[in-house]
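All values reported here derive from a predicted model rather than from experimental measurement.
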Amino acid sequence: MNSRHNDRYKVLFEHSADAMLVIDDGKFVDFNQATLDMLGYTSRSELFSTHPSQLSPSHQPDGQPSFDKANEMIALALEVGSHRFRWVHTRANGKDFPVEVLLTAVPFEGRTLVHVVWRDITKRTQIEQELLSHRDHLQQLVDEQTQELREARDKAEALSQTKSQFFSNMSHELRTPLNAIIGFSHSIREQVFGPIGHPKYKEYIDDIAASGEHLLSLINDILDVSAIEAEKLELYEEILNVEDVVQAVQRMANPLAEKRQVCLETFVGCDTPRLVADERRLKQILLNLLSNAIKFTAPQGLVALTVSCRSGEGHVFKVKDTGQGMTEDEIAKSMTKFGQVDRATNKDLEGTGLGLPLTQGLVLLHGGHFQIESEKGLGTTVTVSFPEQRSRVVKAS
C-alpha cells in the first residue's frame, strides 16, 4: 500500500505543472522537471548544489536579503506547519520573475522535510499591475474632475457674489434717478409751482410719470427675483391682521379692476387668526396675483380673493378668476422667468413675465406652498398656503 502510495505521489510530483521541490536542512534533495523548466536549467546536478536563496536576486522587493528571508520563511513553515508567500526568483538567463510559494513541513524518517510548491504568477502580477495602473489612472481622472468641479463651484460662487453685488449697486443706481423722475413728474402734474402753459405738456407729464412707475416696478421685480435666487432677500416678519392686509391690497387693485371693467371681490373669514409674515411681501404676493387675474379677465368678469384658516391648517389664500384659463403647457411657461403666455386679447398688456415666478419665490421664502389650477376657457385659481406655525390666535382682552 505504501509502495503504491509513493508511486502515485511520484507520478503527481513529476507531472505537476507547478514546480515542486523537497528541502532538507536548507538544501534541495528532490525537485521535478517543472522546476528545471521554470528556472531554465538543464542540469539537475547544478540545481542540487545551490541554496534556495541563490536562485533569487540579492534582495526581495521588501528590501530584505534573499538569503536571510529564505531561511526565515523555511523556519516559519517548520514552526507552524505551512506558510504561503510571494517570492522573486531568477531564471538561468538572469531574468527575475514572481512566484507564489507554499512551504509545508513533512515528517519523514524521524526528521522534518520541507515540501515546496512554486507557481509562476508572472501573468497574474502583470494583470494586477495593469489593474493598479488603471485604478491609479481612474483615481487621477477622478481627482482632476473633482478639482475641475471645485474650480467650477468656486467660480460659480464668485460669479454669484459678483452678481449679488452688481444687483445691489444697480438697485441704488436705477431706483434713485427713477424715483426722482417720478417725483418731479408728479410735482409738475399737480402744478405745484404754477400752471402748465400748454395742455400737451400735461399729457406728456402723465406719460412720463406712468412710464417711470412702470419701469420702476419692472426693475423692482427683476432685483427681487435676483435676490431670491442669490438667497439674499430677507423677510421682516411681524404679526399681521390679515383682513387689514387684504383691504389694503384691494384698494391698490381697484383702479386696475375699474379700468378693465372687472368685478373684484374679497372675503376674509371672521375667525381668521393673525399671520406671521413680511407685510410688504405678503401685499406684493396678493397684489401680483390680483393684478395678473384682472389683466387676463375679460370685461364684466369676476376676480375673487378669499382667505381661510381651518383648524389644523395654516392660512390659505385663493385668487379665482373667470378669465380665459390656461393649458398645462401655458401654466408651465407662465412659471418660468420671462415666460409670457401669448393671448390674442391681451397683447396690449405690459409685463416681463416675472410676476408668477417672483410670487412663488416669495411664498416659498415664507415656507409656503404655491399652486395653479386652470382650464382653458373656464378661468384660473391660484392657491397660496402658509404653514400652520405661522398662525397666531389673539385672545380677546
Side-chain angles (χ1 to χ4, degrees), residues 167 171 213-237 240 242 245-254 256-257 260 262 264 266 268 275-297 303-309 314-321 323-326 328-341 343 346 349-374 379-387 390:
F167 280 111
S171 174
E213 289 169 355
H214 177 67
L215 182 56
L216 182 60
S217 175
L218 298 183
I219 290 172
N220 286 337
D221 284 352
I222 293 172
L223 294 173
D224 283 343
V225 168
S226 299
I228 291 174
E229 288 181 343
E231 300 182 354
K232 298 295 183 181
L233 196 148
E234 297 182 7
L235 298 179
Y236 300 93
E237 299 178 350
L240 305 176
V242 177
V245 173
V246 169
Q247 289 178 356
V249 172
Q250 184 177 14
R251 287 193 296 271
M252 289 185 280
N254 272 333
L256 178 61
R260 300 286 301 171
V262 171
L264 174 60
T266 62
V268 181
L275 174 66
V276 178
D278 184 316
E279 181 175 6
R280 173 171 172 260
R281 299 305 181 179
L282 178 60
K283 288 180 178 178
Q284 190 175 0
I285 290 169
L286 299 179
L287 186 59
N288 278 353
L289 294 179
L290 288 178
S291 299
N292 202 61
I294 292 169
K295 288 178 182 179
F296 296 106
T297 298
V303 174
L305 166 61
T306 61
V307 185
S308 63
C309 188
H315 285 73
V316 178
F317 297 80
K318 284 184 180 289
V319 175
K320 185 174 183 179
D321 66 59
Q324 293 183 351
M326 295 182 287
E328 291 294 328
D329 289 342
E330 288 175 334
I331 292 175
K333 184 176 181 180
S334 71
M335 291 307 300
T336 60
K337 291 188 291 295
F338 306 107
Q340 295 175 286
V341 178
R343 299 175 183 173
N346 293 295
L349 295 176
E350 297 175 311
T352 60
L354 289 174
L356 290 179
L358 172 57
T359 301
Q360 182 184 46
L362 294 174
V363 171
L364 296 178
L365 274 179
H366 284 83
H369 179 70
F370 183 94
Q371 182 180 13
I372 297 180
E373 297 173 290
S374 187
T380 301
T381 299
V382 180
T383 303
V384 171
S385 306
F386 288 89
R390 287 188 171 275

Atom pair [atom1] ([X]) and [atom2] ([Y]), whose distance is rounded to the nearest 0.5 Å:
X	Y	atom1	atom2	answer
L290	I285	CG	CD1	12.0 Å
I372	Q360	CD1	CD	7.5 Å
K333	D329	NZ	CG	10.0 Å
T359	Q284	OG1	CD	7.0 Å
E234	L365	CD	CG	10.5 Å
L289	L356	CG	CG	7.0 Å

Might you point out which heavy atoms bring [X] and [Y] nearest each other, and give the distance in Å?
X	Y	value
M326	S374	N-OG, 2.6 Å
I294	A253	CD1-O, 3.9 Å
P387	G367	CD-O, 3.5 Å
L275	F386	CD1-CB, 4.2 Å

Measure from the side-chain N and O atoms of [X] to the backbone N and O of [Y], and report whether any donor-acceptor pair falls under 3.5 Å.
X	Y	answer
T380	K320	no
R281	H366	no
D321	G379	no
R260	K295	yes
N292	N288	no
H315	V276	no

query = So F317 and V363, side-chain contact (heavy atoms from CB on, under 4.5 Å) or not? Walk me through it.
reply = CA-CA 11 Å; F317 297 80; V363 171; over 6 Å; no
query = Can you find a pair of side-chain heavy atoms, one from Q250 and one from L264, that are under 4.5 Å apart?
reply = yes
inquiry  = Are there over 12 heavy-atom neighbours, none belonging to E328, within less than 6.0 Å of that residue's CD?
reply    = no
